[in-house]
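Working notes for the structure below.
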Amino acid sequence: MNEHSITSQLLTPIPADNPERPLKVARPNTDASLPHIGLVGDTYTVLLSGDDTNGRYCLIDMHIPPGGGPPPHRHDFEESFTLLQGEIEATFRGEKLTVRSGETLSIPANAPHAFINASEKNVRLLCLCAPAGQEEFFAQVGVAVATRTITPPKLDKEAHAASMKVAKDLMPKYRTEMVKPGPIEVIEKFFK
């Protein structure tokens, strides 16, 4: 039995509806209030934050240009990617696989992983993290950009170093760590 499933919990009455929690409809192409975050050359649009889901999960619309994607890392929360457009080359515990449009990749907590858009076309995917918090990390490390598909500005060496320091300082709080090859080897290609 799955220890985190709702069916493994003690049988208690379902809580009453909380009318203070509103319905949210996310419209990433037209809603100017959604945060668009530029990070390592990618653009992440936060569709649902922990504030929207009472911390249970966050949902992020990711626009990944050719060559883009996060460096090798791991974190103590569940993460899944559903590809809406294009394909990525994912590395999971050192093994490479291709994930295509219409497919979903589920990353168990604590497992080392990374992905790259190895194609020549943009990739769009939905990233779900449970529990929420990853969207807060992205907001503190990345830079605000105007739209879901805009290319983030390239950082100069000083801004890059400052961003890397912020990321390194925040990783323990957000239960994340980089794995070999480390962020410098992978991320430097975006700042040349």
Side-chain angles (χ1 to χ4, degrees), residues 26 28-29 31-52 58-77 79 81 85-86 88-92 94 96 107 109-129 131-192:
N29 295 321
D31 187 347
S33 71
L34 291 177
H36 307 289
I37 303 163
L39 188 63
V40 295
D42 305 335
T43 302
Y44 303 158
T45 300
V46 179
L47 302 176
L48 298 172
S49 70
D51 289 340
D52 299 320
C58 66
L59 184 64
I60 303 165
D61 185 333
M62 295 182 161
H63 177 81
I64 314 294
H73 64 285
R74 65 187 205 106
H75 38 65
D76 191 22
F77 54 85
E79 182 175 42
F81 302 105
Q85 171 186 325
I88 59 172
E89 182 180 283
T91 303
F92 176 73
K96 291 186 179 186
I107 308 292
N110 306 309
H113 63 282
F115 70 81
I116 187 168
N117 176 358
S119 75
E120 296 190 18
K121 296 182 179 181
N122 291 327
V123 168
R124 183 177 186 193
L125 54 89
L126 293 178
C127 172
L128 184 125
C129 299
Q134 185 71 353
E135 78 284 12
E136 296 171 16
F137 177 77
F138 291 157
Q140 292 181 61
V141 175
V143 297
V145 295
T147 69
R148 182 184 73 71
T149 58
I150 197 164
T151 302
K154 288 199 176 201
L155 303 178
D156 61 30
K157 286 186 179 193
E158 186 176 294
H160 169 67
S163 178
M164 291 301 297
K165 180 177 182 342
V166 169
K168 185 177 178 182
D169 291 346
L170 289 173
M171 282 181 190
K173 176 180 179 181
Y174 291 98
R175 311 284 296 153
T176 298
E177 65 184 18
M178 304 312 282
V179 296
K180 300 271 183 206
I184 298 304
E185 295 89 342
V186 176
I187 293 176
E188 278 184 344
K189 69 182 176 182
F190 296 109
F191 305 102
K192 291 183 178 178

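- One finds the CG atom of Leu128 at 9.0 Å from the CG atom of Leu48 (value rounded to the nearest 0.5 Å).
- Classified by interplanar angle (parallel below 30°, tilted 30° to 60°, perpendicular above 60°), the ring pair His75/Phe77 is parallel.
- For residues 60-69, every residue pair satisfying the side chain to side chain donor-acceptor pair (under 3.5 Å) rule, not counting sequence neighbours, is listed here: Asp61-Arg124.
- Nearest heavy-atom pair across Pro71 and Met178 is CG-CE, 3.1 Å.
- Between the CE atom of Met62 and the CD1 atom of Ile37 there is a distance of 9.5 Å, given to the nearest 0.5 Å.
- We find the CZ-SG distance between Phe138 and Cys127 to be 6.0 Å, quoted to the nearest 0.5 Å.
- Summarising the geometry of Ser163 relative to Leu155, their closest heavy-atom pair is CB-CD1, 4.1 Å, with the distance given to 0.1 Å.
- Of the inter-residue distances, the one linking Leu47 atom CG with Arg148 atom CZ reads 9.0 Å to the nearest 0.5 angstrom.
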* Please walk me through it: do Asn122 and Thr149 pass side-chain contact (heavy atoms from CB on, under 4.5 Å)? -> CA-CA 9 Å; Asn122 291 327; Thr149 58; over 6 Å; no
* Working for side-chain contact (heavy atoms from CB on, under 4.5 Å), residues Ile64 and Tyr44 -> CA-CA 9 Å; Ile64 314 294; Tyr44 303 158; 3.9 Å; yes
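- The backbone N or O of Gly68 sits nowhere less than 3.5 Å from a side-chain atom of Asn117 that would complete a donor-acceptor pair.
- The line from CD1 of Ile88 to CZ of Phe81 is 6.5 Å long, rounded to the nearest 0.5 Å.
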* Give the intermediate values and the outcome of side-chain contact (heavy atoms from CB on, under 4.5 Å) for residues Met171 and His73. => CA-CA 10 Å; Met171 282 181 190; His73 64 285; over 6 Å; no
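- Ala132 approaches Gly50 most closely through the heavy-atom pair CB-CA, 3.4 Å.
- Within the 3.5 Å criterion, the main-chain N or O of Gly133 finds a donor-acceptor partner in the side chain of Glu135.
- When atom types are taken as modelled, the side chain of Asp42 and the backbone of Gly69 share a donor-acceptor pair closer than 3.5 angstrom.
- With a 4.5 Å cut-off on side-chain heavy atoms, Phe115 and Val123 do not count as touching.
- In plain terms, the two heavy atoms of Glu79 and Cys129 that are nearest each other are OE2-SG, 3.9 Å.
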* Step by step, work out the side-chain contact (heavy atoms from CB on, under 4.5 Å) result for Thr176 and Gln134. => CA-CA 9 Å; Thr176 298; Gln134 185 71 353; 4.1 Å; yes
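- Thr151 has its side chain out of reach of Pro65: every pair of non-hydrogen atoms, C-beta onward, lies at least 4.5 Å apart.
- Applying the salt bridge (Lys or Arg N to Asp or Glu O under 4.0 Å) rule to pairs touching residues 159-173 yields Lys165-Asp169, sequence neighbours excluded.
- Taking every heavy atom of both residues into account, Pro152 and Thr43 meet most closely at CD-OG1, 3.5 Å.
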